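What follows is a single structure, written as structure tokens, with notes after it.
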Number of protein chains: 2
Amino acid sequence: MNTLFKALNDPTRRAMLELLRERPLTAGEIADHFTFSKPTISHHLDLLRQADLVTSDKQGQFVTYTLNMTVMDELLGWLLQFKPSSDAPQ
Amino acid sequence: MNTLFKALNDPTRRAMLELLRERPLTAGEIADHFTFSKPTISHHLDLLRQADLVTSDKQGQFVTYTLNMTVMDELLGWLLQFKPSSDAPQ
DNA sequence: CAAGTATTTAGATATTTATCTAAATACCGA
DNA sequence: TCGGTATTTAGATAAATATCTAAATACTTG
């Protein structure tokens, strides 16, 4: 949960997730959408992977990142515990 | 959105929200659940307030904090954009 | 194998953050 | 008004984070 919130606590990483919503992208393609250096992008992707928000797959020279939303369900569950409707319908 | 994720990116603050799920509590009552100093607790509560996750109400010497979940809907919305089912039913 | 491309690792640095103690503020009751 | 309680503000510090450049690694192609 900590790792998840940490990964989400950065606008660049959230933008990356939104990019990957369309389709899987290579590290380079992702980097093209930002003005940060490649190592910085790589570091952000690493944090997203640590949180299991993305998976990475190396194909030759390229590393393709794919959105993995299963972990978001955990967040969704955490969120819903605050929704009174889930506890006491009314 | 930034402020919201920042506020949520701390286990103590998340625990505070879960405490407040039961009922509104004063700053002191909240502090009693943790081993941090009062100023530290106050600082965390300030961040939760900045994110609009809680409201505070001073009654005499006491400041009561109340959960305000309306802003969580924003987070829920952000989250649901990743759920394929919301885009393409299947 | 050498040169070029894609990506990551290493190491440095500036900023942000969580925490503390000490002090200030605000309120209450005698 | 004074002493006590509740909370916040100020200021300091250690740890975490985002970023960079330089270098390393891994793959591809001539």
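Reminder, nothing fancy here: chain letters follow the sequence lines and each chain counts from 1. These numbers come from a predicted model, not from an experiment.
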*How close or far is atom P of C:dT7 from atom CZ of A:F36, stated in whole angstroms?*
18 Å
*Which distance, rounded to the nearest 0.5 Å, do you find between the CZ of B:F82 and the CG of A:L75?*
10.5 Å
*Quick one: B:D10 CG to D:dT17 P, roughly how many Å, whole number?*
11 Å
*Expressed in angstrom and rounded to an integer, what is the separation of B:M16 atom CE from D:dT7 atom P?*
12 Å
*Given D:dC27, C:dT8, C:dC20, the nucleotide with the shortest approach to the side chain of A:K58*: D:dC27
*Starting at the 5' end of DNA chain C and moving along, which residue's nearest nucleotide shows up first, B:G60 or B:H44?*
B:H44
*Can you check the B:L47 CG to D:dT8 P distance for me, whole Å?*
12 Å
*Side chain of B:K38 only, please: which of D:dC20, D:dT7, C:dT8 is the nearest?*
D:dT7
_Considering every strand and a 4.0 Å limit on heavy-atom distances, what is the contact class for B:H43: base, sugar-phosphate, or nothing?_
base
*asked:* Starting the side chain at C-beta, find the nucleotide from C:dT19, C:dA10, D:dT7 nearest to A:P39.
replied: C:dA10
*Within the distance-only criterion (no hydrogens, no angle test), does the side chain of B:R13 pair as donor or acceptor with the backbone N or O of B:L47 below 3.5 angstrom?*
no
*asked:* Has B:R49 got a side-chain atom pairing as donor or acceptor with B:S56's backbone, closer than 3.5 angstrom?
replied: no
*Mind checking A:I30 for me? I need base, sugar-phosphate or nothing, with any heavy atom below 4.0 Å counting as a touch.*
nothing
*Spacing of B:Q59 atom CD relative to D:dT5 atom P, expressed in whole Å*: 21 Å
*Please answer whether the main-chain N or O of A:T64 pairs with a side-chain N or O of A:D57 as donor and acceptor at a distance below 3.5 Å.*
no
*Counting any heavy atom closer than 4.0 Å, what does B:D46 reach on the DNA or RNA strands: base, sugar-phosphate only, or nothing?*
nothing
_Is it the case that C:dT7 (base atoms only) and A:Q61 (side chain only) share a donor and an acceptor within less than 3.5 Å, ignoring hydrogens and angles?_
no
*Would you give the length of the straight line joining atom CG of B:L67 to atom CE of B:M16, rounded to the nearest 0.5 angstrom?*
13.0 Å
*Is any side-chain N or O of B:T40 closer than 4.0 Å to OP1 or OP2 of C:dA18?*
no
*asked:* From CD of B:Q50 over to P of D:dT9, roughly how many Å is that when rounded to an integer?
replied: 11 Å
*Hey, are the side chains of B:L17 and B:V54 touching, using non-hydrogen atoms and a 4.5 Å cut-off?*
yes
*Is the shortest side-chain N/O distance from B:T26 to OP1 or OP2 of D:dT7 below 4.0 Å?*
yes
*Do any side-chain nitrogens or oxygens of A:S42 fall under 4.0 Å of OP1 or OP2 in C:dT8?*
yes
*Would you say A:Y65 reaches C:dT8's phosphate, i.e. side-chain N/O to OP1/OP2 under 4.0 Å?*
yes
*Respond yes when some side-chain nitrogen or oxygen of B:K6 is under 4.0 Å from OP1 or OP2 of C:dT17, and no when none is.*
yes
*Respond yes when some side-chain nitrogen or oxygen of A:S37 is under 4.0 Å from OP1 or OP2 of D:dC20, and no when none is.*
yes
_In this structure, how many angstroms lie between the P atom of C:dT16 and the CG atom of B:N9, rounded?_
16 Å
*Rounded to whole angstroms, how far apart are CG on A:D57 and C1' on C:dT8?*
16 Å
